[in-house]
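What follows is one structure encoded as structure tokens, with my remarks underneath.
The sequence lines fix the lettering, A, B, ..., with proteins before strands; numbering per chain opens at 1. If you're wondering where the values come from, they're calculated on a predicted model, not measured in any experiment.
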Amino acid sequence: MSPTKGFDFAGLGLKDALDLAVLIEEEARDRYLEFADQMELHHTPEAEGFFGYMARNEEKHRVALASRRTELFGDAPGTANRTMLFDVEAPDYDEVRAFMTPRQALESALRAEEKAHAFFAAALLEVRDASVRVLFEELCAEELEHQALVQGQIEQLPPDSGLDPADFADDPVGQ
Amino acid sequence: MTTATATLAPKAFKSELKPIWCPGCGDFGVVQALYRALSAIGRPAHEIAFISGIGCSSRIPGYTTAYGFNSVHGRALPIAQGLKMARPELLVLAAGGDGDGFSIGGGHLPHAVRRNQNITYIVMDNQIYGLTKGQLSPTSPKGLKTVTSVDGSLENPVNPLMYVLTYGAPFVAQGTPADLPGLVEIIEAAIRYPGFAFVNVQSPCVTFGEPEQQIKTQKATMESLEGMGHDPGNLIEALDLSRAYGTTLHTGLFYRSPEPPPTFDSLVHERQQRMMADALPRERILEQFIQR
Amino acid sequence: MSRSLVIGMAGSGGDGIVSAGESLIGACASEGYYAIMTKSFGSQIRGGESSCRVRLAVDPVLNSGGALDVAVVLSWDDFLKFGAELPVSGRAMVVYDTRTGVAADDLPLVGVTPAEVFPVPISDLAREAAGTDRAKNTVILGLLAGWLGIGQEATLRGVRKKFAKKGAELIEANERAFHAGVAYAEAHPTAESRKMDPATGSGAKLLTDGNDMCAAAAIFAGCKFYGGYPITPSTEVMQFLSREIWKYGGVLLQAEDEIAGIGAALGASFGGKKAMTATSGPGLSLKSEVLGLATIAELPLVVVDVQRGGPSTGMPTKSEQADLFQAVFSAHGDVVRPVLAPTTVGDTFTTTVEAFNIAEQYQTPVILLSDQEIAQRKEVLDPIDTSEIQLIDRTLPTDAELENYQRFQLTPSGVSPISHPGMEGGNYLGAGIEHDEHGAPTASGRVHAVMNEKRIKKLGPLHKRDDLFRIEGNENAPLALVSWGSSAGVCREAVQLAADRGLDVKLLVPYLLYPVNEDIYRRFFASVVGGLVVEQSHLGQLYRILRMYIDVPGGVVSFCRSGANPFRPKEIVAELRDLALGLQRTLGESRQPQE
């Protein structure tokens, strides 16, 4: 399935493009917050910490984009909403597991950044508005930076033991 | 892109309770899709009642800000129906798992369908019993090895889509958290449909489910009914397509009755209006026993 | 002249004997007599043996009476099948169809010779007058009207009403049959006058059965939802409401099964409406899980169990009081679930309203244990003054309470204000799973203990509800009867009878069976040396429950037997006398000088 299915990039203006970008960040932030909550509830503190960190990053990006939107367009109403945005930069719901390792958490974030990059790259093929093109090129580049950042963190981790922590955990508890 | 009309953000429907579902569970996507569908519908949470049975997925009402009722195993539909009859003005949702809806509560489903109340019933179908740790469910594939079918299941699974279509449901759809935008669309359409709407969601169990049922596999193999050119007004074609349940994951609208039949609740209202004129005042009800 | 008569009739279903009984009781009611009519059937749906008893009296009647004063027999085989349900006394007159071929001096009755025997060519009279044997039942009405002096006009009015839709020809045929019966009676007078004293009661009477009364009470109480499944002998509750509930803005659902019936009712209650379901023992078995849910979710609900003989399918058309254990101990967990029982058709009204009041006030399911005897018998009674009856509605949260609403808030009384969907700010999660004050699910043992305490504590005031008990007789009496349900009506008459025979007996009738009001029993038993707990079950279930909670005096024993045949006042008095004599003997023995 094309990552840009359901979006009309050809007719997209800068205001809506900024709104879209804000919502994508918001979506990613919320997903990471959800993941952090899930990890907290399932006693997986390292992954919880990492997802919290990712949520803060996404929030930073969102704030930056949102202030640009306000500078340029004030409170003018937009047309974008989050209904269609689940999968752009937010990691998929099945990226997480109880007792996941920091490496697994980072890898899930990496896949999400790759997905976001693919989204903007595909969108660029359709975008017609020049200012939107500039914005998306910038976002595309940022996603690459993020990928590098996460990749760098992965490399700093101690070597993977190859063992799955879930194999050491208690059996699930029947309810 | 859909147009923003809702005044209530999806977050308005998210409760403080943190889901106890295993990380990676399909139900996280389902509840998110529901928040967004409810946001699009735009009715405030206190006008929504969400009834469930027992099972992992039946925890879902608690994760919304709507009035919820996490009842007993298999009984979501009777309770939802009674509530809707008592308060037809409410938006009533029912939900549960495949065991809840097709096994212990399976006897209620045809009757909920034939009453045709304006209720949306969402089943999170994962082909396994998760809450009790991985036993056979009514939709488990034949031959499945579980802790209660150590040598493999001897029974054929039920086909919920075909069941509900043949019971006469006016709205039947299937979705998956592997396609969340599609799921939002389906749930929203189901809620907007003026009658009994059934949504089967292939929501994988990350802990006890089979690897080929997980979201990644689903993403790769699912087929959109719309993409296949299926006409949701065509019941015969819908029945034919429903036969692929368990082999091909079709997403989207199987059937939507082009002419929604009157709902139970509208008929009740009509009857009440007609009969109220004949009523003795409540406090004089005993007068009808007077022997003259 | 008689102030009270018991008439028993039996035939096959095709004879319309029950229909005749209904016409008779209708006539009695409009004449101003009091009456009770019970029916009894074989297990066939149509055409099996059927019988009815009509007890009519100048004064209010408390039970369906003992041995028959008048026996009407269309078929001896059918009559005899009812055995103890239709016992013939030595003072009785027996009227039977000569077609049965039985000689008047050779009746198939064992150990009893009726005072008078009338072989009557009932079938022939019917054929001559109406052109068909089928009018036998109308001939019987004529015979009874003639012999007993019960209003001919009223009976004829009833017959005309019954056949109104069938056309003038049939009405006239039945009128002729009726007059033929009257004429025959006048031509063959009874030896001693069996005429009824004129009715003294003034004003209109009510005529109905316990099931209709229960349903009417539900409407009165403001019930807006009924969910149920047909089951004998409770179905008439649903049938009545199916006609009436819509008129009051309510809804009735004939559900796909017993569980769905109570489930839907609970859903309606969750929606803030008063709701009810009715069933019999087998249905109550199925409803247990939702009873448990209603208790933990703290939702009001009235569950009527019209008891029949059990276990399992048991005896669908026969009365029994053997569901008390099931009601009290319904569903699992640490639970107090209030159980109420009416004792007559008349008090079914107030007891049903009370069930709604308790359910609503304390946010709990309440089980109303009716029984087949009162549920399906017809009773003539005086109009009930409903103007003083209080209705209680559940306590809704105030605006202030909705600011930071906690559905299961711990309050001094244990009752928390209850919201319902549609109420802004009242949003909560109802659940069968244990939950905290907000309704959030919990696995905390501490919270569970606190919530169990809350749910049981809130019912505490019920232990003080002395008004839900009826005490009759001399308060210092050494002999006592305790009885509930339809048997209580028999005991009330037994107390009068015992007094006539010099026995000093008092009676306690609980309308509230559970939780047990320990104080009222203790006070009642304080003067008691011996007594009987009378109930229609093999185990004597109330007696056993009382012994769980109080020190029942040793001389108070269980007098119980399985259902089908209601107790008769005389046998209770006989049992009491035996008990008293036994106690006296023991007393005597203890007084003998020690060697």
Leading residue by heavy atom contact count with chain C [cutoff under 4.5 Å; candidates [options]]:
{"options": "B:His111, B:Glu283, B:Arg284", "answer": "B:His111"}
{"options": "B:Arg274, B:Glu89, B:Arg115", "answer": "B:Arg115"}
{"options": "B:Val92, B:Val72, B:Leu286, B:Thr65", "answer": "B:Leu286"}

Is it the case that more than 12 heavy atoms not belonging to C:Glu424 sit under 6.0 Å from its CD atom?
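Counting other residues, nucleotides and ligands, CD of C:Glu424 stays at 12 neighbours or fewer.
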Neighbour count above 12 (heavy atom, 6.0 Å) for C:Tyr229 OH
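Open: at most 12 neighbouring heavy atoms sit under 6.0 Å from OH of C:Tyr229.
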List the atom of C:Asn427, the atom of B:Ala45, and the distance in Å for their closest heavy-atom pair.
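Closest approach of C:Asn427 to B:Ala45, heavy atoms only: ND2-C, 3.5 Å.
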Give, as side chain, backbone, both or neither, the part of [X] having an atom under 4.5 angstrom from any heavy atom of chain C.
{"X": "B:Leu280", "answer": "both"}
{"X": "B:Pro44", "answer": "neither"}
{"X": "B:Gln288", "answer": "side chain"}
{"X": "B:Phe264", "answer": "side chain"}
{"X": "B:Ile290", "answer": "both"}
{"X": "B:Ala66", "answer": "backbone"}

Under 4.5 Å from a heavy atom of chain B, the part of [X] involved:
{"X": "C:Ile25", "value": "neither"}
{"X": "C:His435", "value": "neither"}
{"X": "C:Tyr428", "value": "both"}
{"X": "C:Lys273", "value": "side chain"}

Using a cut-off of under 4.5 Å for heavy-atom pairs, which of [options] has the most such pairs with chain B?
{"options": "C:Ala275, C:Ala29, C:Gly158, C:Ala216", "result": "C:Ala216"}
{"options": "C:Glu289, C:Arg407, C:Lys224, C:His420", "result": "C:His420"}
{"options": "C:Arg157, C:His438, C:Glu244", "result": "C:Glu244"}
{"options": "C:Ala440, C:Ser30, C:Gly432, C:Gly422", "result": "C:Gly422"}
{"options": "C:Ala221, C:Gly249, C:Ala255, C:Gly227", "result": "C:Gly249"}
{"options": "C:Leu381, C:Ile245, C:Val251", "result": "C:Val251"}

Would you check if B:Phe289 and C:Val380 make a side-chain contact, meaning some heavy-atom pair closer than 4.5 Å?
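Contact flag for B:Phe289/C:Val380 side chains = no.
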Gap between atom [atom2] of [Y] and atom [atom1] of [X] - 0.5 Å precision:
{"X": "C:Leu266", "Y": "B:Leu83", "atom1": "CG", "atom2": "CG", "value": "10.0 Å"}
{"X": "B:Met85", "Y": "C:Tyr226", "atom1": "CE", "atom2": "OH", "value": "13.5 Å"}
{"X": "C:Ile259", "Y": "B:His108", "atom1": "CD1", "atom2": "NE2", "value": "5.5 Å"}
{"X": "B:Gln81", "Y": "C:Glu256", "atom1": "CD", "atom2": "CD", "value": "6.0 Å"}
{"X": "C:Leu391", "Y": "B:Arg282", "atom1": "CG", "atom2": "CZ", "value": "5.5 Å"}
{"X": "C:Trp246", "Y": "B:Met275", "atom1": "CH2", "atom2": "CE", "value": "8.0 Å"}

Is the ring pair B:Phe69/C:Phe270 parallel, tilted or perpendicular, if the boundaries are 30 and 60 degrees?
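Tilted, since the angle between the ring planes falls between 30° and 60°.
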Does the [X] side chain pair with the main chain of [Y], one donor and one acceptor, at a distance under 3.5 Å?
{"X": "B:Gln272", "Y": "C:Gly250", "answer": "yes"}
{"X": "B:Tyr67", "Y": "C:Met423", "answer": "yes"}
{"X": "B:Arg75", "Y": "C:Gly263", "answer": "no"}

Could you tell me which residues in residues 52-60 of chain B have at least one non-hydrogen atom under 4.5 Å from a non-hydrogen atom of chain C, sorted by residue number?
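Result: B:Arg59.
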